[in-house]
Amino acid sequence: MSEEKIANLLGLAKRASGLITGNDACMQAIRSGAGKALLAIVATDTGDNAMKKYHDKCKSFGVPLLKMFDKERLGRAVGKEHGAIVVITDKGFANRILQLSDELDGSEAD
């Protein structure tokens, strides 16, 4: 149930311009530091090299990282065909998604 709520919040965040999609835009937001990227969500079926890149960048810049959904589900949540990463830039959405992810087994914030 919490996973569905998180998917719904991602859709709301996208419509409220509180979410960034696309590899390059997400990496730029993570690298910008200064609070632009507040939470990154990476699809669990992302390739090992990309997953390592996202993990390392998020760790370096202090951005919490959640691994959840597959690419298709993550993309659908934000109105796309598929997506490997989304970055939340709105504090309210980021905090609520982190709170809901704590309720799920198997999700982890790094």
Report the C-alpha distance between Ile20 and Lys36 in whole Å, list the side-chain angles of each, state the deciding distance to 0.1 Å, and finish with yes or no for side-chain contact (heavy atoms from CB on, under 4.5 Å).
CA-CA 10 Å; Ile20 297 170; Lys36 183 165 180 155; 4.1 Å; yes

Looking only at non-hydrogen atoms, find the nearest pair between [X] and [Y] and report the distance.
X     : Y      : result
Leu98 : Ser101 : O-OG, 2.8 Å
Thr21 : Lys80  : OG1-CE, 3.1 Å
Cys58 : Ala40  : SG-CB, 3.7 Å

Go through it in stages, so that I can follow the logic: the residues are Leu9 and Leu100, the test is side-chain contact (heavy atoms from CB on, under 4.5 Å), and I'd like the CA-CA distance, side-chain angles, deciding distance and then a yes or no.
CA-CA 10 Å; Leu9 283 173; Leu100 288 170; 3.6 Å; yes

Under 4.0 Å between a Lys/Arg side-chain N and an Asp/Glu carboxylate O for Lys71 and Glu81?
no

Salt bridge present between Asp48 and Lys52 (N-O < 4.0 angstrom)
no

Test Val63 against Leu38 for side-chain contact (heavy atoms from CB on, under 4.5 Å), laying out the working first.
CA-CA 6 Å; Val63 177; Leu38 301 174; over 6 Å; no

Could you tell me if Gln28 and Arg31 have a donor-acceptor pair between their side chains, going purely by distance under 3.5 Å?
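Gln28 and Arg31 do not have a side-chain donor-acceptor pair below 3.5 Å.
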
Would you say Asn49 and Tyr54 are linked by a side-chain donor-acceptor pair, where the criterion is simply a distance under 3.5 Å?
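No, because no side-chain N or O of Tyr54 sits under 3.5 Å from a partner of the opposite role on Asn49.
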
Compare all side-chain heavy atoms of [X] with those of [Y] and state whether any distance is below 4.5 angstrom.
X     : Y     : value
Ile41 : Ile97 : yes
Lys53 : Asn23 : yes
Val87 : Leu39 : no
Phe69 : Glu3  : yes

What do the steps show when you test Leu10 against Leu19 for side-chain contact (heavy atoms from CB on, under 4.5 Å), and what is the final call?
CA-CA 8 Å; Leu10 290 174; Leu19 179 144; 3.7 Å; yes

Sub-3.5 Å donor-acceptor pair from the side chain of Ser60 to the main-chain atoms of Asp56, do we have one?
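Yes: the side chain of Ser60 pairs with the backbone of Asp56.
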
Roughly how far apart are Leu65 CG and Met51 CE, rounded to 0.5 Å?
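The CG atom of Leu65 sits 7.5 Å away from the CE atom of Met51.
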
